Structure formats: structure tokens, C-alpha cells
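Data first, discussion second: the structure below is written as C-alpha cells.
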Amino acid sequence: MSFLSDLNPSQREAVKILEGPVIIVAGAGSGKTRVLTYRTARLVQVGVPAYQILALTFTNKAAKEMKERIAQLVGSSSKSIWMGTFHSMFARVLRLESEKLGYGRNFTIYDEQDSLKVVKNVMNAQGISLQQFNPQAIRSRISGAKNRLVGPEEVASQAVDQFDEVSAKVFARYQKAMKRNNAMDFDDLLVLPIHLFEHNKKILNDYQERFRFILVDEYQDTNKAQYVLLKQLAAKYKNICVVGDDAQSIYAFRGAEIRNILDYQVDYPEAKLFRLEQNYRSTKTILAIADSVIKNNVDQIPKNLWTDNQTGEPVAILECADDKDEGIQIAQRILEDIYRLKLDFKDFALLYRTNAQSRSLEDALRKNGIPYTIVGGIEFYQRKEVKDVLAFLRVLTNPLDNESFLRALNCPNRGIGDVTVERLQAFAERKGLSLLDAVHHAAEISHLGARTRGALLWVGDFFKRHQHLKTIMSMSEVSRTMVDELGILRQFKEEGTPDAIARWENVQELLSAISEFSSEHPEANLENFLEEVSLVSDIDNWDDAHNAVTLMTLHSAKGLEFPAAFITGLEEGLLPLFTTVLGNKELEEERRLFYVGITRAMRNLYLSFAGVRYRYGDVTYPSPSRFLDEIGSERIQRITSGKHSSFSGDEFSGTRRSNRRVRAEGSSDYFTDPIPDYENATDTVQSLQVGMTVHHDVFGKGRIVSLSGTGESMKASVEFSSVGRKQLLLKYARLKVV
DNA sequence: ATTAGGCGATTTTTT
DNA sequence: ATCGCCTAAT
């Protein structure tokens with residue numbers, strides 16, 4: 001009981017009642033993780049067997065840290081708590097139960113790229129034009145449907161246009177293809193357990209008994225499937241404790257439903273509600289700013305976040321000439337603050353809306369000798385050469401995995417092209433074989449040249465031999481042997497270009513990751529490694545011990561805190577980001593994202609925007625974000641090009657109109673470019689705006705997603721219902737406003 | 001007839 | 001940095 005004294009009174013209340021449904025509405029920085037940790041520890045302490053506890057976190061990193069903390073509190077028995085992300089925990093359940101669903105235990109987990117390839121394959125096989133129907137759009141339609149637990153039949157019956165009909169058709173085939181490949185996508189990891197539980201009450205009962213106590217972190221970001229899954233599991237004992245903050249719901253774009261947290265007490269009328277409203281993280285100033293921003297959102301649980309912390313310094317707004325200048329100003333600030341506030345590099349975070357923004361920031365940091373690490377962006381496991389090697393390993397563990405086989409087939413190049421692949425696929429289809437089995441029968445496939453046939457047989461033989469080696473060697477030995485025989489390391493080395501050297505390093509790094517994994521988990525097999533690789537997020541790999549400035553997206557920053565944080569690119573079109581039409585719902589999500597960013601900061605917060613920004617290789621002249629107008633002016637300090645001036649109280653919308661003045665005063669080269677005069681333009685092209693519905697002679701109706709460039713080179717990105725997104729040069733496109 | 005390699009276009013956020 | 005398309009090379 002001793003450790004309860006570490007909690008404040010309201011935190012202690014939330015930890016006291018261990019049975020029945022509980023909802024904890026926890027504001028940013030209010031010690032939510034702490035409460036969850038102590039609650040779990042207490043369950044163990046009062047005698048609940050650790051394996052009866054299921055704790056779902058948003059990242060694996062959070063789970064790992066929480067597990068360590070719990071072990072400190074109650075000892076190592078806590079090791080058998082089921083703690084991790086929804087996806088990893090239910091992948092684990094599926095490893096045990098997949099055979100009841102018609103999948104092998106050795107199923108492969110497909111990421112978005114893999115799944116897109118399956119969609120394309122299915123479309124090709126059905127003779128559906130990839131030009132006419134955007135495979136990407138179809139894939140996301142399928143994923144959306146799955147997350148809402150809607151099947152292909154329902155998509156078909158609700159179809160209102162040809163796109164819906166095609167999606168439904170592809171959806172049905174896609175699901176079959178996935179099963180043939182013995183593969184599951186991210187959505188399947190949630191949807192398949194639901195099906196299993198729904199159709200097999202005995203198994204559901206087993207898991208209800210097993211997981212008698214369920215805890216869920218970041219409940220505001222759960223989707224329909226996750227919601228149903230929890231409902232099924234908790235139906236018997238109703239020991240379900242959810243923790244979340246509706247103000248920090250930022251994943252609606254991937255199906256998260258904020259209603260899950262808003263309506264929790266409707267689902268469980270007897271639920272006890274606790275509020276954590278004391279913030280321990282931020283200064284009064286930062287909290288006040290966060291509050292003044294978020295109160296512009298309508299749909300939320302009322303709460304009153306407060307703090308005993310000191311007032312702190314005003315929040316500084318950095319007005320920058322362009323993205324380059326933004327980087328320079330930030331770098332200078334960091335160096336100043338390190339001296340002035342005795343901070344370390346690792347105390348700083350640079351947050352942005354899109355990964356692309358990291359480039360200019362990196363340049364500035366590098367030039368100033370500031371060490372940094374980037375979370376996300378181009379991930380290690382997404383790199384081509386790494387995916388290639390992984391494809392071989394996947395085929396080794398799951399010979400039915402056709403998608404990985406296709407990737408492995410011609411890597412490195414051995415003269416197998418599209419035509420051969422098509423013949424192979426046709427042959428396999430006819431004989432009802434997997435592609436790997438088909439390749440063993442290459443002798444029977446007609447119209448193949450001797451060389452091609454030989455190449456196919458070689459690949460078949462290659463896998464046969466390594467499948468044997470897999471039974472007598474450790475996973476790291478097999479991987480090493482395989483890579484050696486493929487000769488890709490040698491090839492990269494001979495090439496000798498910086499790019500090839502980087503690839504060489506990446507493959508080496510993958511091999512050491514495998515060794516490391518197998519020494520950390522002596523019992524684990526290759527399947528386990530591949531699963532881990534599929535389900536790790538970028539943030540899981542982030543090393544916070546390293547003394548370096550952290551760069552990441554606002555999404556990745558959720559749940560973290562930093563003594564000093566910069567939120568960059570506070571511009572219309574970027575934060576809030578314009579995608580399709582920015583409806584009120586989308587705008588509120590963008591605002592919550594900004595709120596998440598603000599509340600990451602402990603002592604110092606900086607907000608920056610630029611008057612000129614390069615996007616998609618074009619120059620844009622964004623206005624300062626509308627969110628800046630929502631901040632109370634008295635807590636702000638405005639900084640222009642290194643000169644400090646206290647904010648005089650005029651709205652930022654004033655600055656917004658005077659972009660040109662800002663540019664004219666600058667000394668940068670960019671300012672010598674002729675400045676387009678939007679206001680006095682009479683041309684109809686100039687009257688186009690983001691969000692407008694337009695008509696194009698060839699593509700038909702569409703919505704303007706973004707505008708870029710100036711004058712002759714002005715371009716619009718338009719989302720057409722028929723063909724998906726297109727970049728159009730307005731000079732030629734002759735769009736008509738509908 | 002096939003395949004490899006060059007070139008240009010493209011990037012919201014992520015389990 | 002990668003993907004898809006086009007053309008040269010085999």
C-alpha cells in the first residue's frame with residue numbers, strides 16, 4: 001500500500017476502485033500514465049494473477065516503460081501481464097487461434113505497402129484499370145470499411161457510384177487473396193479476433209476469463225473495431241478501465257472515433273468517472289495558451305486544467321522569412337537557451353505537421369553543429385534493400401506468402417520480368433499452387449526461355465535449401481547465409497557509391513538486429529522477429545537517453561514531454577493542413593493536434609511560421625495560421641529576425657494581409673522574385689480557392705485540394721471522383737468553377 | 001519479345 | 001528516396 005503515497009488525492013481516488021467500469025478523463029500532463037501504472041501494480045498487489053490483466057497502450061515503448069515501472073513496484077511477477085498495443089496483443093492472440101479462422105500460425109503481417117500491392121494484383125486480375133480507379137483510394141476505402149466492421153457485401157449494397165462498386169468487388173477478392181497468402185493486414189489483427197469471438201462463444205468465454213481486468217490508455221484514439229473488441233472481452237466481468245483525453249484525439253483520419261470516449265458512460269451507465277485536472281508538466285503560461293486554443297472546439301468533455309507550477313516565460317512566436325530562416329532562428333534559440341537556461345540538447349523537441357518539414361530544420365541544425373535525431377520519416381524497415389531481405393525471410397517462414405515471393409523473385413536482378421511473372425501467376429492459378437510451389441514446376445510452364453526457366457528453378461532451389469537450413473541453424477545464421485548467397489552485400493560494395501554504401505550498411509544493420517533480437521529472446525523464432533518488425537512504430541525506436549534534439553511529427557509526440565518545444569510551420573495550409581475541404585470536424589482535429597503540441601512543453605514554448613515556404617518543389621506564400629489568432633495576446637512575445645519586440649496586441653490576421661510588406665523588408669534572395677498580385681488579379685484562374693468544386697473537360701468533377709506556384713506555373717492538386725488526385729498546371733487545365 | 005535502366009513526378013498524420 | 005512510365009539494350 002505504501003506506494004499510494006506517491007499519488008495526489010484525485011489520482012489516488014482513480015486507483016482505489018479496482019472493479020467495475022471506470023473512466024478516467026485525464027488532461028494533458030496530469031499523471032495519466034502514472035495512474036495507469038499504479039492501478040495495474042495494485043491489481044497485482046491485491047492478488048490478481050498478472051496473466052489476467054490486459055493493458056493496452058498506444059505504443060510498444062509506453063508498454064515497455066510501464067512494465068519496467070510496475071516491476072519496480074510489485075516485483076517480477078508482473079512480467080506476465082499482457083501489455084502492449086492493440087495490434088501486438090491481438091497478433092499474439094491470433095498466433096494461438098489463427099487456425100480456427102482458416103489461417104496458419106505462421107501468417108505474415110502485411111504493412112500498407114504490401115497490402116496496396118495485393119489490391120493492385122487483384123485489380124489487374126479483374127481487368128480493372130489502375131488509371132481509372134486509384135488503387136490507393138480503393139485500399140483506404142477497404143481499410144476504412146474493415147475498421148467500421150463493414151464487409152464487402154455491405155459496401156456493395158451501399159454503393160452510390162461506380163467507385164464504390166469497384167471497391168466492393170476488389171474488397172471481396174482482396175480478402176480471399178490475403179487468406180491465400182496466409183497474410184493479415186493491420187486491420188485484420190483487430191477484425192479477425194472479433195469474428196472469432198462472435199462465432200465461437202466458447203473461445204470468447206475463455207478470453208473473458210483470461211482477461212478479467214482490462215486497462216486501456218489513449219482511449220480517445222480507439223476505432224470502432226477496437227471498441228467492439230473491448231466490449232466483447234469486458235462483457236462478462238466489466239472490469240474495464242479506460243483513460244483518455246478527448247482534447248487529444250488526433251487519429252480520426254484512421255478511423256478513431258472520439259465518440260468512444262464521449263459516450264463511455266452511455267455504454268457503461270454504472271461507470272465511475274474520475275477527472276485528473278492538475279497538470280504537473282507545464283508552466284501557467286503554456287497551460288493558459290493551450291486552454292485558449294482548445295476552447296474553440298465545441299465537442300468536448302468539460303474540464304478545467306490547472307497547475308501549481310510557476311508562471312514561466314512568455315511563449316515566443318518566431319516570425320520567419322522562409323523555411324530556411326525558420327531553421328536558423330530555431331537553431332539560434334536552442335543555442336541561446338542552452339546557455340541561458342542550462343538546458344541540454346535532449347531537452348528540445350522540434351515538432352511539425354508533416355515529415356517533409358524536417359529537411360530545412362535539419363540543415364540548420366547541422367550547420368550549427370547541433371546534434372539531432374529524427375523520429376519517423378523514411379523508416380529503416382521501409383527501405384527497399386531491407387524490405388527485400390525481409391521478403392526472403394518471410395517466404396522462408398510462410399511459403400504461401402506470394403507477395404513477398406514476388407518481391408524476392410527478381411532480387412537481385414536475374415532476368416525475370418513482368419511477362420514471366422504473369423506466366424508464372426497464370427500457371428500457379430491453373431494448378432492451384434502457391435508461387436513458390438509453381439516455381440518448382442518451372443519445367444512445365446510453356447513459352448519460357450532457357451535462361452528464364454533456369455532462373456526460376458534456381459529461386460525454387462534457393463528456398464528449398466534455406467528452408468532446410470532453417471531447421472538446423474539459428475535464425476541469425478540462416479539470415480546471414482541467405483544474404484551471403486544472394487551476393488547483395490558484395491554487389492553494394494563493388495558499386496561503391498555513397499548510396500550503395502548506405503544500402504550495404506542497412507542490410508548489415510538488419511542482420512545485427514536479428515542477432516540482437518535472438519540473444520534478447522532466446523526462445524524466439526524468425527516469425528517472432530518478423531512480427532516485431534511489422535508492429536514497431538518509429539517512436540518505439542526513439543532513444544531518449546541520447547543527448548540530441550528530437551525532431552518529429554505532432555502525431556508522434558503524443559504522450560511525450562520536453563522542457564522546451566518548438567511547434568513549427570504555423571501556417572494556413574500546413575497547420576491546419578489543407579487536404580480536401582477542411583470541414584469543421586477536420587479543423588477541430590487540426591486544433592487538437594496543435595493542442596497536443598503545446599502541451600508537450602514544460603518550461604518553454606516557441607511557435608514559428610514562415611512567409612515563404614517551399615512545398616512540393618514550388619514556392620508558396622502562406623499566411624500565419626488562424627490558430628495564432630486564438631492565443632491570448634498578453635502571454636506572447638513576438639520575435640522577428642532576431643529582434644525581440646513585445647506583442648502589441650494586433651491580431652495576426654493583420655500580418656496575414658501584409659505578407660508582401662514582410663517580404664519587401666527582407667534581404668534574402670527570395671524577395672527579389674516578382675511577387676504575384678493575387679488581390680488585383682482579374683483572371684478567373686486566380687479566383688480559384690482550395691476546397692472549390694471544379695469541372696475539368698477530361699476528368700470531370702473534382703475538388704481542389706491545394707494550390708501552389710505562381711503566375712504561369714501555378715498548379716492545383718485536384719481530387720477527382722473518377723480518377724483520384726491529379727496535379728494540373730492551371731495555365732492549361734481550364735478549370736471551371738461549378 | 002523481354003528486361004533493365006534512366007528519368008520525371010510525387011509526399012498528411014500511422015498501428 | 002521511391003514508384004511508375006518510357007525507351008534503349010539484349
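Only a predicted model underlies this, so the values are computations on that prediction, with no experimental measurement involved.
- Closest-nucleotide positions on DNA chain B for I250(A) and N410(A) were compared, and the one nearer the 5' end corresponds to N410(A).
- Comparing dT12(B), dT14(B), dA4(B) by their nearest atom to the side chain of H555(A) picks out dT14(B).
- Salt bridge K585(A)/E589(A): absent, no basic N to carboxylate O contact under 4.0 Å.
- Closest to the side chain of N355(A), out of dT14(B), dT2(B), dA4(B), is dT14(B).
- Taking the side chain of E112(A) as heavy atoms from C-beta on, and the options dA4(B), dT13(B), dT15(B), the nearest nucleotide is dT15(B).
- The side chain of N413(A) lies closest to dA4(B), out of dT14(B), dA4(B), dT13(B).
- Which of dT13(B), dT14(B), dT2(C) sits closest to the side chain of R503(A) comes down to dT2(C).
- Look at F253(A) and the base of dT13(B); the rings stack, centres closer than 5.5 Å and planes less than 30° apart.
- Legend: residues meeting side chain to side chain contact (heavy atoms under 4.5 Å, CB included) with N506(A), ordered by chain and number and at least two apart, are F380(A), R383(A), E385(A), V386(A), E509(A).
- Residue-level contact check: R592(A) touches neither bases nor backbone, having no heavy atom under 4.0 Å from any strand.
- Remark: K67(A) pairs with M83(A) by the side chain to side chain contact (heavy atoms under 4.5 Å, CB included) rule, at least two apart or across chains.
- Remark: side-chain polar atoms of D245(A) are paired, donor with acceptor, to backbone N or O of A247(A) under 3.5 angstrom.
- Across all strands shown, D418(A) has heavy atoms under 4.0 Å from sugar-phosphate atoms exclusively, and none from any base.
- As judged by a 4.0 angstrom heavy-atom cut-off over every strand, Y251(A) is placed among residues touching the sugar-phosphate backbone only.
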